[in-house]
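Before any comments, here is the structure.
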Amino acid sequence: PADVTEVAGMPKIIIHAPAGAFDEAARRGIAGELTDLALDCEALPKSPFMASMVWTFFNEYPGDAVFMGGRPATTGVVSVQILAIRGGLDMDVKTRLIKGATTILGRHLGATERPPVHIVIRDIAETDWGMFGEHPDLPAMRASPPDAPAMA
């Protein structure tokens, strides 16, 4: 297979939340926990390289830009999009990813029951995903060396 450093296309996690829902320490903790969860769910090695390919983006919105039922939100509602390679996650793994991400985000929101977290997983065909000018190769990523260095 092609060199994994040229074809990696790890999960991309995009978090939308009201401003102030997560401070810097919480964002760092969430990103680390979601990286571990994503690697586990996609059955990828926890190498420095693979970890560096799980990207988490936080989008924060001012309080007057988040609504529930047409009214300003009264709680820290969070929306998450997870982009993954089609075929990398079966239904059981998607369920584990949804539950795990909800638990992680809910803990950082301070929510103990029914965290206000909504998650959408988008399965992207390898032909519709590109990184570093190449299409990803999920089997090559799964077979990559466990000590592959992080992306610089």
Side-chain angles (χ1 to χ4, degrees), residues 1 3-63 65-66 73 75-124 126 128-132 134-152:
D3 180 356
V4 72
T5 60
E6 295 177 3
V7 297
M10 298 303 307
K12 304 302 176 233
I13 303 165
I14 305 162
I15 299 169
H16 303 276
F22 306 112
D23 63 18
E24 181 181 352
R27 287 191 301 270
R28 287 177 183 271
I30 291 166
E33 291 179 67
L34 288 176
T35 294
D36 288 342
L37 177 64
L39 292 173
D40 284 341
C41 286
E42 278 209 318
L44 294 161
K46 288 193 176 182
S47 69
F49 178 75
M50 284 299 158
S52 73
M53 295 306 299
V54 178
W55 300 353
T56 304
F57 300 87
F58 287 87
N59 292 305
E60 292 190 334
Y61 301 91
V66 180
T75 187
V77 294
V78 175
S79 172
V80 180
Q81 291 184 53
I82 300 173
L83 308 177
I85 297 170
R86 185 171 295 141
L89 306 172
D90 65 22
M91 181 61 91
D92 290 339
V93 173
K94 286 180 181 181
T95 299
R96 188 165 53 107
L97 182 58
I98 290 168
K99 287 182 178 184
T102 300
T103 298
I104 290 165
L105 290 159
R107 185 173 58 255
H108 287 277
L109 285 169
T112 56
E113 291 185 33
R114 296 188 58 157
V117 176
H118 291 227
I119 296 175
V120 174
I121 298 173
R122 297 185 185 272
D123 288 317
I124 311 295
E126 288 181 354
D128 295 333
W129 189 302
M131 291 188 70
F132 311 117
E134 302 285 334
H135 293 290
D137 181 342
L138 189 56
M141 289 185 284
R142 286 182 170 152
S144 69
D147 60 348
M151 183 178 74

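The minimum heavy-atom distance between Ala38 and Pro11, with the atom names listed, is CB-CG, 3.9 Å. Smallest separation of non-hydrogen atoms from Phe49 and Ser52: O-OG, 2.7 Å. Residues Cys41 and Leu89 share a closest heavy-atom pair of O-CD2, 3.6 Å.
For the pair Lys12 (side chain) and Phe57 (backbone), a donor-acceptor distance under 3.5 Å is absent.
Using a 4.5 Å heavy-atom threshold, the side chains of Ile121 and Ile119 count as touching. In this structure, Ile15 and Asn59 have side chains that are not in contact, with every pair of non-hydrogen atoms separated by 4.5 Å or more. Side-chain contact between Ile85 and Ile124 is absent, with no heavy atoms from C-beta onward closer than 4.5 Å. Between His108 and Glu33 the shortest side-chain heavy-atom distance falls below 4.5 Å. Within the 4.5 Å cutoff, the side chain of Pro45 has no heavy atoms near those of the Leu39 side chain.
Looking at residues two or more places apart in sequence or on another chain, you find no side-chain hydrogen bond (donor to acceptor under 3.5 Å, both in side chains) involving Arg96. A search for side-chain hydrogen bond (donor to acceptor under 3.5 Å, both in side chains) contacts involving Glu126 returns nothing, not counting sequence neighbours. Remark: Lys99 engages no residue in a side-chain hydrogen bond (donor to acceptor under 3.5 Å, both in side chains) (not counting sequence neighbours). Among residues two or more places apart in sequence or in another chain, the side-chain hydrogen bond (donor to acceptor under 3.5 Å, both in side chains) test is passed with Asp40 by Lys46. Tyr61 meets the ring pair (Phe, Tyr, Trp, His ring centres under 6.0 Å) test with His16; sequence neighbours excluded.
In this structure, CG on Leu83 lies 9.5 Å from CD1 on Ile13, to the nearest 0.5 angstrom. The structure places OG1 of Thr35 at 13.0 Å from CE of Met50, a figure rounded to the nearest 0.5 Å.
Salt-bridge check for Lys94 with Asp123: passed, with a basic side-chain N closer than 4.0 Å to an acidic carboxylate O.
With Val80 as the fixed residue, the side chain to side chain contact (heavy atoms under 4.5 Å, CB included) test singles out one of Thr102, Ile98, Leu105, Ile14: Leu105.
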Would you list the atom pairs, donor with acceptor, under 3.5 Å between side chains in residues 17-30 and any protein atom, with sequence neighbours excluded?
from, atom 1, to, atom 2, distance (Å)
Asp23, OD1, Ala25, N, 3.2
Asp23, OD1, Ala26, N, 2.8
Glu24, OE2, Arg28, NE, 3.2
Glu24, OE2, Arg28, NH2, 3.2
Arg27, NH1, Phe22, O, 2.7
Arg27, NH1, Glu60, OE2, 3.4

task: Report the C-alpha separation of Val66 and Val77 in whole Å, then their side-chain angles, then the decisive distance to 0.1 Å, and conclude whether the side-chain contact (heavy atoms from CB on, under 4.5 Å) test is met.
output: CA-CA 8 Å; Val66 180; Val77 294; 3.5 Å; yes

